[in-house]
Amino acid sequence: MQTFSAINPLLNQVGEDVMGFLNEIQLIYPQAISLGSGRPDEQYFGVADLPDLFDRYVHTIRAAGTEDRQAVMNRLGQYNRTKGIINNLVAKYLENDEGIRAAPEDILITVGTQESLVLSLITLCNREQDIIMVEDPAYVGITHLAIINGYRVQPVPVHADGISLEIMEEKIQYHAQQGKKVKLVYVTPDFQNPTGISMSLEKRYRLLEMAQQYDFLILEDNAYGDFSYGEHKPPALKALDTYKRVLYLRSFSKTLYPSLRLGALVAGQMIRDKDREVPLSDQLAKTKGYITVNTPAVNQAVLGGLLIKNNCTLKIMNEEKVAHMKRKRDRLLAALHSSLTPAVAPWAAGIQWNVPQGGFFVTVQVPFTITREDVITCAEQYGVLFTPMSFFYFDEGGHNQIRLAFSYLRDEQVSTAIERLALFLKSKVPVNNKMQYHEYRK
Ligand SMILES: Cc1ncc(COP(=O)(O)O)c(C=O)c1O
(Lines give C-alpha, C1' and ligand atoms only; values in the text may rest on other atoms or scores of the structure.)
Protein backbone atom coordinates (compact mmCIF):
# COMPACT_ATOMS: atom_id res chain seq x y z
CA MET A 1 0.00 0.00 0.00
CA GLN A 2 1.27 3.45 -0.86
CA THR A 3 1.98 5.75 2.09
CA PHE A 4 2.20 9.52 2.00
CA SER A 5 4.68 11.62 3.91
CA ALA A 6 3.62 14.76 5.79
CA ILE A 7 2.56 17.24 3.17
CA ASN A 8 3.33 20.47 4.99
CA PRO A 9 6.79 20.34 6.61
CA LEU A 10 5.87 23.34 8.80
CA LEU A 11 3.54 21.03 10.73
CA ASN A 12 6.67 19.55 12.27
CA GLN A 13 7.85 22.94 13.46
CA VAL A 14 5.13 23.51 16.01
CA GLY A 15 5.73 22.51 19.61
CA GLU A 16 3.63 20.02 21.50
CA ASP A 17 0.15 19.30 20.17
CA VAL A 18 -1.26 20.38 23.53
CA MET A 19 -4.91 19.43 23.09
CA GLY A 20 -4.09 16.13 21.41
CA PHE A 21 -1.63 15.22 24.15
CA LEU A 22 -4.02 16.06 27.01
CA ASN A 23 -6.92 14.22 25.40
CA GLU A 24 -4.79 11.17 24.79
CA ILE A 25 -3.45 11.05 28.36
CA GLN A 26 -6.97 11.46 29.71
CA LEU A 27 -8.13 8.50 27.59
CA ILE A 28 -5.25 6.34 28.77
CA TYR A 29 -5.74 7.30 32.45
CA PRO A 30 -9.48 7.93 32.73
CA GLN A 31 -9.32 7.86 36.55
CA ALA A 32 -6.97 10.86 36.62
CA ILE A 33 -8.64 14.11 37.72
CA SER A 34 -7.99 16.73 35.08
CA LEU A 35 -6.44 20.06 35.92
CA GLY A 36 -5.21 19.99 32.34
CA SER A 37 -7.92 21.02 29.99
CA GLY A 38 -9.58 24.46 30.10
CA ARG A 39 -12.99 23.14 29.15
CA PRO A 40 -16.04 25.08 30.31
CA ASP A 41 -18.33 23.59 32.94
CA GLU A 42 -20.99 21.50 31.17
CA GLN A 43 -23.73 22.01 33.76
CA TYR A 44 -24.36 25.51 32.34
CA PHE A 45 -24.49 24.66 28.63
CA GLY A 46 -28.27 24.77 28.20
CA VAL A 47 -28.14 22.72 24.99
CA ALA A 48 -31.71 21.52 25.64
CA ASP A 49 -32.98 25.10 25.14
CA LEU A 50 -31.73 25.08 21.58
CA PRO A 51 -35.08 24.38 19.81
CA ASP A 52 -36.87 27.10 21.83
CA LEU A 53 -34.19 29.67 21.11
CA PHE A 54 -34.23 28.80 17.42
CA ASP A 55 -38.02 29.16 17.38
CA ARG A 56 -37.86 32.48 19.19
CA TYR A 57 -35.49 33.83 16.55
CA VAL A 58 -37.69 32.61 13.69
CA HIS A 59 -40.76 34.07 15.35
CA THR A 60 -39.08 37.48 15.86
CA ILE A 61 -37.85 37.68 12.26
CA ARG A 62 -41.29 36.69 10.96
CA ALA A 63 -43.05 39.24 13.16
CA ALA A 64 -40.73 42.00 11.97
CA GLY A 65 -41.16 41.24 8.23
CA THR A 66 -43.58 39.95 5.67
CA GLU A 67 -42.26 36.43 5.12
CA ASP A 68 -44.13 33.38 6.36
CA ARG A 69 -42.52 30.90 8.75
CA GLN A 70 -41.53 28.50 5.99
CA ALA A 71 -39.76 31.24 4.03
CA VAL A 72 -37.78 32.29 7.12
CA MET A 73 -36.82 28.66 7.77
CA ASN A 74 -35.81 28.14 4.17
CA ARG A 75 -33.58 31.17 4.32
CA LEU A 76 -31.87 29.77 7.41
CA GLY A 77 -31.18 26.59 5.48
CA GLN A 78 -29.67 28.47 2.58
CA TYR A 79 -26.18 29.89 1.97
CA ASN A 80 -26.21 33.19 3.76
CA ARG A 81 -24.63 36.59 4.25
CA THR A 82 -20.85 36.13 4.68
CA LYS A 83 -20.59 38.66 7.50
CA GLY A 84 -23.43 36.99 9.40
CA ILE A 85 -27.14 37.39 10.01
CA ILE A 86 -27.33 38.43 13.68
CA ASN A 87 -24.88 41.34 13.55
CA ASN A 88 -27.36 43.93 14.85
CA LEU A 89 -28.13 41.80 17.92
CA VAL A 90 -24.44 41.14 18.56
CA ALA A 91 -23.69 44.89 18.19
CA LYS A 92 -26.24 45.62 20.93
CA TYR A 93 -24.81 42.88 23.12
CA LEU A 94 -21.26 44.25 22.72
CA GLU A 95 -22.43 47.70 23.70
CA ASN A 96 -24.49 46.47 26.67
CA ASP A 97 -22.02 44.00 28.14
CA GLU A 98 -18.62 45.32 27.08
CA GLY A 99 -19.05 49.02 26.36
CA ILE A 100 -17.94 48.40 22.77
CA ARG A 101 -19.72 50.46 20.12
CA ALA A 102 -19.56 48.84 16.71
CA ALA A 103 -21.69 49.20 13.60
CA PRO A 104 -23.29 45.87 12.59
CA GLU A 105 -21.50 46.01 9.22
CA ASP A 106 -18.12 46.20 11.02
CA ILE A 107 -18.81 42.85 12.71
CA LEU A 108 -18.32 39.37 11.29
CA ILE A 109 -20.02 36.45 12.99
CA THR A 110 -17.37 33.74 12.77
CA VAL A 111 -16.96 30.04 13.41
CA GLY A 112 -15.37 30.81 16.78
CA THR A 113 -12.30 32.86 17.58
CA GLN A 114 -10.17 30.30 15.82
CA GLU A 115 -11.70 31.38 12.53
CA SER A 116 -11.31 35.05 13.48
CA LEU A 117 -7.57 34.42 13.93
CA VAL A 118 -7.31 32.71 10.55
CA LEU A 119 -9.19 35.54 8.82
CA SER A 120 -7.07 38.24 10.47
CA LEU A 121 -3.75 36.64 9.55
CA ILE A 122 -4.67 35.80 5.98
CA THR A 123 -6.29 39.17 5.27
CA LEU A 124 -3.62 41.37 6.82
CA CYS A 125 -0.25 39.66 6.75
CA ASN A 126 2.35 39.11 4.13
CA ARG A 127 4.68 36.18 4.81
CA GLU A 128 7.87 37.92 3.68
CA GLN A 129 7.85 41.32 5.43
CA ASP A 130 5.24 41.20 8.16
CA ILE A 131 5.75 40.11 11.72
CA ILE A 132 3.08 38.93 14.12
CA MET A 133 4.02 39.57 17.73
CA VAL A 134 2.53 37.24 20.29
CA GLU A 135 2.49 37.04 24.06
CA ASP A 136 4.94 34.46 25.37
CA PRO A 137 3.54 32.16 26.69
CA ALA A 138 0.41 32.29 24.54
CA TYR A 139 -2.65 30.36 23.47
CA VAL A 140 -1.29 27.90 20.90
CA GLY A 141 -4.27 28.61 18.63
CA ILE A 142 -2.42 31.71 17.40
CA THR A 143 1.21 30.59 17.49
CA HIS A 144 0.74 27.18 15.90
CA LEU A 145 -1.67 28.60 13.33
CA ALA A 146 0.90 31.20 12.29
CA ILE A 147 3.77 28.70 12.19
CA ILE A 148 2.04 26.07 10.07
CA ASN A 149 1.02 28.78 7.61
CA GLY A 150 4.54 30.14 7.29
CA TYR A 151 4.06 33.56 8.95
CA ARG A 152 6.86 35.24 10.88
CA VAL A 153 6.17 35.21 14.61
CA GLN A 154 8.03 37.06 17.35
CA PRO A 155 7.38 36.20 21.01
CA VAL A 156 7.26 38.94 23.67
CA PRO A 157 7.36 37.96 27.37
CA VAL A 158 4.30 38.33 29.59
CA HIS A 159 4.86 39.98 32.98
CA ALA A 160 2.52 40.05 35.98
CA ASP A 161 0.67 43.04 34.46
CA GLY A 162 0.62 41.80 30.86
CA ILE A 163 2.88 41.78 27.80
CA SER A 164 6.26 43.55 28.22
CA LEU A 165 5.94 46.80 26.30
CA GLU A 166 9.64 47.61 26.74
CA ILE A 167 10.76 44.39 25.04
CA MET A 168 8.05 44.82 22.43
CA GLU A 169 9.29 48.29 21.57
CA GLU A 170 12.91 47.11 21.30
CA LYS A 171 11.82 44.32 18.97
CA ILE A 172 9.67 46.62 16.82
CA GLN A 173 12.63 48.96 16.33
CA TYR A 174 15.05 46.10 15.67
CA HIS A 175 12.82 44.55 13.00
CA ALA A 176 12.19 47.92 11.37
CA GLN A 177 15.96 48.21 10.90
CA GLN A 178 15.88 44.80 9.19
CA GLY A 179 13.22 46.04 6.78
CA LYS A 180 10.41 44.09 8.48
CA LYS A 181 7.10 45.42 9.70
CA VAL A 182 5.29 44.47 12.88
CA LYS A 183 1.78 44.26 11.49
CA LEU A 184 -0.18 42.55 14.26
CA VAL A 185 0.24 42.22 18.01
CA TYR A 186 -1.79 39.40 19.60
CA VAL A 187 -2.84 39.87 23.24
CA THR A 188 -5.35 38.38 25.69
CA PRO A 189 -5.75 41.25 28.17
CA ASP A 190 -8.37 39.50 30.32
CA PHE A 191 -7.26 36.45 32.29
CA GLN A 192 -4.82 35.13 29.78
CA ASN A 193 -4.64 31.52 28.66
CA PRO A 194 -2.28 30.00 29.90
CA THR A 195 -1.17 32.19 32.83
CA GLY A 196 -4.41 33.73 34.18
CA ILE A 197 -2.71 37.16 34.08
CA SER A 198 -4.61 40.41 33.33
CA MET A 199 -3.22 43.47 31.61
CA SER A 200 -3.23 46.59 33.79
CA LEU A 201 -5.30 49.59 32.72
CA GLU A 202 -2.16 51.71 32.38
CA LYS A 203 -0.63 49.14 30.05
CA ARG A 204 -3.81 48.96 27.98
CA TYR A 205 -3.60 52.71 27.31
CA ARG A 206 0.12 52.55 26.56
CA LEU A 207 -0.32 49.62 24.16
CA LEU A 208 -2.94 51.59 22.23
CA GLU A 209 -0.55 54.56 22.07
CA MET A 210 2.21 52.30 20.77
CA ALA A 211 -0.07 50.86 18.11
CA GLN A 212 -0.65 54.40 16.87
CA GLN A 213 3.02 55.34 17.12
CA TYR A 214 4.38 52.24 15.36
CA ASP A 215 1.43 51.67 13.07
CA PHE A 216 0.34 48.16 13.97
CA LEU A 217 -3.03 46.56 14.66
CA ILE A 218 -3.86 44.73 17.87
CA LEU A 219 -5.62 41.37 17.88
CA GLU A 220 -7.48 41.41 21.19
CA ASP A 221 -8.58 37.88 22.04
CA ASN A 222 -11.34 37.92 24.63
CA ALA A 223 -12.42 34.40 25.48
CA TYR A 224 -12.51 34.73 29.29
CA GLY A 225 -13.55 38.35 30.00
CA ASP A 226 -16.98 37.34 31.34
CA PHE A 227 -15.33 35.31 34.08
CA SER A 228 -14.20 38.22 36.24
CA TYR A 229 -13.87 37.60 39.99
CA GLY A 230 -12.54 40.94 41.26
CA GLU A 231 -14.29 44.20 42.02
CA HIS A 232 -13.26 46.08 38.90
CA LYS A 233 -12.19 44.69 35.58
CA PRO A 234 -10.48 47.15 33.24
CA PRO A 235 -12.43 47.75 30.03
CA ALA A 236 -11.54 45.81 26.91
CA LEU A 237 -8.89 47.46 24.71
CA LYS A 238 -11.56 47.78 22.05
CA ALA A 239 -13.69 49.88 24.40
CA LEU A 240 -10.73 52.29 24.81
CA ASP A 241 -9.75 52.24 21.15
CA THR A 242 -9.99 55.87 20.04
CA TYR A 243 -7.34 55.27 17.34
CA LYS A 244 -9.20 52.32 15.79
CA ARG A 245 -6.23 50.02 16.21
CA VAL A 246 -8.00 47.00 17.70
CA LEU A 247 -9.53 43.97 16.05
CA TYR A 248 -11.71 42.47 18.75
CA LEU A 249 -12.10 38.68 18.83
CA ARG A 250 -15.01 37.63 21.00
CA SER A 251 -15.53 33.92 21.54
CA PHE A 252 -18.87 32.55 22.72
CA SER A 253 -17.30 29.16 23.54
CA LYS A 254 -16.76 29.88 27.24
CA THR A 255 -19.63 32.34 27.63
CA LEU A 256 -22.11 29.80 26.15
CA TYR A 257 -20.68 26.51 24.91
CA PRO A 258 -17.93 25.51 22.48
CA SER A 259 -19.91 23.30 20.09
CA LEU A 260 -22.05 26.29 19.08
CA ARG A 261 -18.82 27.36 17.29
CA LEU A 262 -19.62 31.05 17.30
CA GLY A 263 -17.47 34.12 17.70
CA ALA A 264 -17.59 37.78 16.71
CA LEU A 265 -14.78 39.62 14.95
CA VAL A 266 -15.10 43.39 15.28
CA ALA A 267 -13.10 45.56 12.90
CA GLY A 268 -14.00 49.19 12.34
CA GLN A 269 -10.91 50.18 10.36
CA MET A 270 -10.55 51.40 6.81
CA ILE A 271 -7.59 49.93 4.95
CA ARG A 272 -5.85 50.72 1.70
CA ASP A 273 -6.51 48.32 -1.15
CA LYS A 274 -4.48 49.38 -4.20
CA ASP A 275 -5.44 53.05 -4.64
CA ARG A 276 -8.63 53.17 -2.58
CA GLU A 277 -9.72 52.89 1.01
CA VAL A 278 -12.06 50.05 1.88
CA PRO A 279 -13.57 48.78 5.15
CA LEU A 280 -11.38 46.10 6.66
CA SER A 281 -14.52 44.14 7.54
CA ASP A 282 -15.27 43.81 3.79
CA GLN A 283 -11.80 42.41 3.16
CA LEU A 284 -12.16 39.99 6.06
CA ALA A 285 -15.50 38.89 4.59
CA LYS A 286 -13.82 38.40 1.22
CA THR A 287 -11.30 36.05 2.86
CA LYS A 288 -14.06 34.28 4.79
CA GLY A 289 -15.81 33.55 1.52
CA TYR A 290 -12.91 31.23 0.69
CA ILE A 291 -12.57 29.63 4.10
CA THR A 292 -15.88 28.75 5.74
CA VAL A 293 -18.12 30.55 3.22
CA ASN A 294 -20.71 31.29 5.91
CA THR A 295 -21.04 30.73 9.63
CA PRO A 296 -23.92 28.23 9.99
CA ALA A 297 -27.10 30.34 10.01
CA VAL A 298 -28.87 27.74 12.14
CA ASN A 299 -26.32 28.24 14.95
CA GLN A 300 -26.52 32.01 14.57
CA ALA A 301 -30.30 31.77 14.93
CA VAL A 302 -29.84 30.00 18.28
CA LEU A 303 -27.56 32.77 19.57
CA GLY A 304 -29.93 35.32 18.05
CA GLY A 305 -32.84 33.77 19.99
CA LEU A 306 -30.81 33.84 23.19
CA LEU A 307 -29.89 37.50 22.73
CA ILE A 308 -33.53 38.41 21.97
CA LYS A 309 -34.69 36.50 25.05
CA ASN A 310 -32.16 38.31 27.26
CA ASN A 311 -32.54 41.82 25.80
CA CYS A 312 -29.05 41.60 24.29
CA THR A 313 -27.20 41.16 27.56
CA LEU A 314 -25.83 37.87 28.87
CA LYS A 315 -24.62 39.21 32.21
CA ILE A 316 -27.64 38.22 34.30
CA MET A 317 -27.94 34.84 32.61
CA ASN A 318 -24.26 34.13 33.35
CA GLU A 319 -24.23 35.41 36.93
CA GLU A 320 -24.52 32.01 38.64
CA LYS A 321 -22.06 30.40 36.22
CA VAL A 322 -19.44 33.09 36.92
CA ALA A 323 -20.07 32.97 40.69
CA HIS A 324 -19.60 29.19 40.62
CA MET A 325 -16.36 29.48 38.66
CA LYS A 326 -15.12 32.01 41.22
CA ARG A 327 -15.94 29.53 44.01
CA LYS A 328 -13.90 26.89 42.18
CA ARG A 329 -10.97 29.29 41.90
CA ASP A 330 -11.25 30.03 45.62
CA ARG A 331 -11.39 26.33 46.47
CA LEU A 332 -8.34 25.66 44.34
CA LEU A 333 -6.36 28.49 45.97
CA ALA A 334 -7.42 27.29 49.44
CA ALA A 335 -6.37 23.73 48.57
CA LEU A 336 -2.98 24.94 47.29
CA HIS A 337 -2.58 26.87 50.50
CA SER A 338 -3.38 23.93 52.73
CA SER A 339 -1.21 21.44 50.83
CA LEU A 340 1.74 23.53 49.74
CA THR A 341 2.54 26.37 52.12
CA PRO A 342 5.88 25.90 53.89
CA ALA A 343 4.14 26.11 57.29
CA VAL A 344 2.42 22.76 56.61
CA ALA A 345 4.81 21.39 53.99
CA PRO A 346 8.36 22.70 54.49
CA TRP A 347 9.53 20.68 51.47
CA ALA A 348 7.31 22.94 49.34
CA ALA A 349 9.40 26.06 50.02
CA GLY A 350 9.91 27.65 46.62
CA ILE A 351 6.51 26.60 45.27
CA GLN A 352 4.37 29.64 44.53
CA TRP A 353 1.25 30.45 42.57
CA ASN A 354 -0.57 33.49 41.27
CA VAL A 355 -4.08 34.62 42.21
CA PRO A 356 -5.88 35.24 38.90
CA GLN A 357 -8.65 37.82 39.01
CA GLY A 358 -10.70 35.84 36.53
CA GLY A 359 -10.66 33.14 33.86
CA PHE A 360 -9.94 29.44 34.12
CA PHE A 361 -6.22 29.15 34.94
CA VAL A 362 -3.67 29.39 37.77
CA THR A 363 0.11 29.36 37.25
CA VAL A 364 2.21 27.39 39.74
CA GLN A 365 5.95 28.01 39.95
CA VAL A 366 8.10 25.09 41.14
CA PRO A 367 11.82 24.94 41.97
CA PHE A 368 12.54 22.08 39.53
CA THR A 369 11.99 21.22 35.89
CA ILE A 370 8.67 19.83 34.71
CA THR A 371 8.63 17.71 31.57
CA ARG A 372 6.12 16.02 29.32
CA GLU A 373 7.07 12.71 30.97
CA ASP A 374 6.16 14.17 34.35
CA VAL A 375 2.59 14.61 33.12
CA ILE A 376 2.43 10.91 32.29
CA THR A 377 4.00 9.87 35.61
CA CYS A 378 1.65 12.13 37.54
CA ALA A 379 -1.43 10.79 35.74
CA GLU A 380 -0.33 7.17 36.08
CA GLN A 381 0.98 7.17 39.66
CA TYR A 382 -0.84 10.05 41.33
CA GLY A 383 -4.12 10.20 39.38
CA VAL A 384 -4.06 13.86 38.38
CA LEU A 385 -3.40 15.71 35.12
CA PHE A 386 -1.87 19.14 34.58
CA THR A 387 -0.20 21.01 31.70
CA PRO A 388 3.48 22.01 31.70
CA MET A 389 3.70 25.74 31.00
CA SER A 390 6.57 25.07 28.58
CA PHE A 391 3.97 23.75 26.08
CA PHE A 392 2.78 27.35 25.59
CA TYR A 393 6.14 29.01 25.03
CA PHE A 394 7.28 29.90 21.56
CA ASP A 395 10.88 28.73 22.04
CA GLU A 396 12.23 27.87 25.44
CA GLY A 397 10.63 28.83 28.73
CA GLY A 398 8.25 27.86 31.50
CA HIS A 399 10.24 24.74 32.41
CA ASN A 400 9.55 25.26 36.08
CA GLN A 401 5.93 26.28 35.80
CA ILE A 402 2.68 24.39 35.44
CA ARG A 403 -0.78 25.51 34.35
CA LEU A 404 -3.71 24.37 36.45
CA ALA A 405 -7.17 24.66 34.90
CA PHE A 406 -10.02 24.66 37.43
CA SER A 407 -12.92 25.24 35.02
CA TYR A 408 -13.84 21.61 34.36
CA LEU A 409 -13.40 20.26 37.90
CA ARG A 410 -16.38 19.24 39.98
CA ASP A 411 -16.41 21.02 43.35
CA GLU A 412 -15.77 17.85 45.30
CA GLN A 413 -12.72 16.98 43.17
CA VAL A 414 -10.73 20.12 43.89
CA SER A 415 -9.09 19.22 47.20
CA THR A 416 -8.36 15.62 46.14
CA ALA A 417 -6.78 16.88 42.91
CA ILE A 418 -4.47 19.23 44.82
CA GLU A 419 -3.61 16.63 47.47
CA ARG A 420 -2.57 14.26 44.68
CA LEU A 421 -0.64 16.99 42.90
CA ALA A 422 1.17 17.84 46.15
CA LEU A 423 2.29 14.22 46.52
CA PHE A 424 3.63 14.25 42.99
CA LEU A 425 5.44 17.57 43.52
CA LYS A 426 6.94 16.27 46.73
CA SER A 427 8.33 13.30 44.81
CA LYS A 428 10.09 15.78 42.51
CA VAL A 429 11.69 17.88 45.24
CA PRO A 430 15.45 17.39 45.29
CA VAL A 431 16.66 15.23 48.19
CA ASN A 432 18.48 18.21 49.81
CA ASN A 433 15.21 20.02 50.31
CA LYS A 434 13.60 16.96 51.81
CA MET A 435 16.63 16.60 54.12
CA GLN A 436 16.01 20.14 55.26
CA TYR A 437 12.45 19.07 55.89
CA HIS A 438 13.57 16.22 58.12
CA GLU A 439 15.99 18.53 59.92
CA TYR A 440 13.16 20.94 60.44
CA ARG A 441 10.91 18.23 61.86
CA LYS A 442 13.52 17.08 64.41
C1 LIG B 1 -7.35 32.50 24.44
C2 LIG B 1 -8.28 31.66 23.64
N3 LIG B 1 -8.75 32.12 22.48
C4 LIG B 1 -9.61 31.39 21.75
C5 LIG B 1 -10.01 30.14 22.14
C6 LIG B 1 -10.94 29.32 21.26
O7 LIG B 1 -12.04 30.02 20.92
P8 LIG B 1 -13.15 29.40 19.96
O9 LIG B 1 -13.70 28.17 20.57
O10 LIG B 1 -14.13 30.52 19.89
O11 LIG B 1 -12.51 29.12 18.63
C12 LIG B 1 -9.55 29.61 23.33
C13 LIG B 1 -9.96 28.26 23.74
O14 LIG B 1 -9.46 27.63 24.59
C15 LIG B 1 -8.66 30.39 24.10
O16 LIG B 1 -8.17 29.93 25.24
Side-chain angles (χ1 to χ4, degrees), residues 16-23 34-42 45 47 84 86 90 93-94 98 107-121 132-146 155 158 162-163 184-199 218-228 236-238 246-266 288 291-292 295-296 299-300 302-303 314 325 356 358-363 387 389 391-394 403-408:
E16 185 67 52
D17 170 17
V18 182
M19 292 313 292
F21 176 68
L22 291 176
N23 285 339
S34 180
L35 294 160
S37 147
R39 291 178 166 199
D41 191 332
E42 287 159 19
F45 282 1
V47 178
I86 55 167
V90 170
Y93 154 77
L94 290 171
E98 320 215 2
I107 299 173
L108 276 84
I109 310 300
T110 58
V111 184
T113 286
Q114 197 59 37
E115 190 197 12
S116 302
L117 292 169
V118 173
L119 298 178
S120 306
L121 261 56
I132 301 156
M133 284 198 159
V134 296
E135 296 169 324
D136 196 32
Y139 170 55
V140 293
I142 177 74
T143 37
H144 291 186
L145 168 73
V158 174
I163 192 165
L184 289 176
V185 171
Y186 169 87
V187 287
T188 311
D190 291 341
F191 325 126
Q192 199 227 18
N193 180 7
T195 60
I197 282 171
S198 304
M199 191 185 288
I218 299 167
L219 284 185
E220 177 178 26
D221 183 347
N222 189 356
Y224 300 97
D226 288 328
F227 295 87
S228 171
L237 284 168
K238 185 70 179 166
V246 179
L247 270 76
Y248 187 65
L249 280 52
R250 185 42 154 126
S251 171
F252 291 102
S253 290
K254 319 289 168 173
T255 304
L256 301 175
Y257 48 96
S259 80
L260 203 54
R261 300 310 303 134
L262 287 179
L265 169 53
V266 187
K288 181 173 168 62
I291 297 198
T292 53
T295 296
N299 298 28
Q300 293 188 64
V302 173
L303 174 57
L314 299 178
M325 204 62 90
F360 290 9
F361 309 105
V362 169
T363 302
T387 317
M389 195 61 88
F391 283 10
F392 303 100
Y393 276 79
F394 189 71
R403 184 191 80 170
L404 302 184
F406 51 86
S407 52
Y408 193 60

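If you read the sequence from its start, that first residue is 1, and numbering goes on from there. Numbering of ligands and ligand atoms starts at 1, following listing order.
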For ligand 1, is there an N or O atom under 3.5 Å from any N or O atom of [X]?
X      : answer
Tyr224 : yes
Thr188 : no
Tyr139 : no

Identity and separation of the nearest protein heavy atom to atom 1 (C) of ligand 1: Asp221 OD2, 3.3 Å
Which residue and heavy atom of the protein sit nearest atom 9 (O) of ligand 1, plus the separation: Ser253 OG, 2.6 Å
Considering the heavy atoms of [X], write down every atom of ligand 1 situated less than 4.0 Å from one of them.
X      : value
Lys254 : 13 (C), 14 (O)
Arg261 : 8 (P), 9 (O), 11 (O)
Gly112 : 10 (O), 11 (O)
Thr113 : 4 (C), 7 (O), 8 (P), 10 (O), 11 (O)
Gln114 : 11 (O)

Is the [X]-[Y] ring centre distance short of 6.0 angstrom?
X      : Y      : result
Phe361 : Phe392 : no
Phe227 : Phe191 : no
Tyr257 : Phe45  : yes

Can you tell me how the ring of Tyr93 sits relative to the ring of Phe252, calling it parallel under 30°, perpendicular over 60° and tilted otherwise? tilted
Identified side-chain contact (heavy atoms from CB on, under 4.5 Å) partner of Thr295 from the options Leu303, Ile86, Leu108, Leu262: Leu262
Side chains of Val140 and Thr143: does their closest heavy-atom pair fall under 4.5 Å? yes
Working note: Val90 + Leu94, criterion side-chain contact (heavy atoms from CB on, under 4.5 Å); need CA distance, chi angles, decisive distance, verdict. CA-CA 6 Å; Val90 170; Leu94 290 171; 4.1 Å; yes
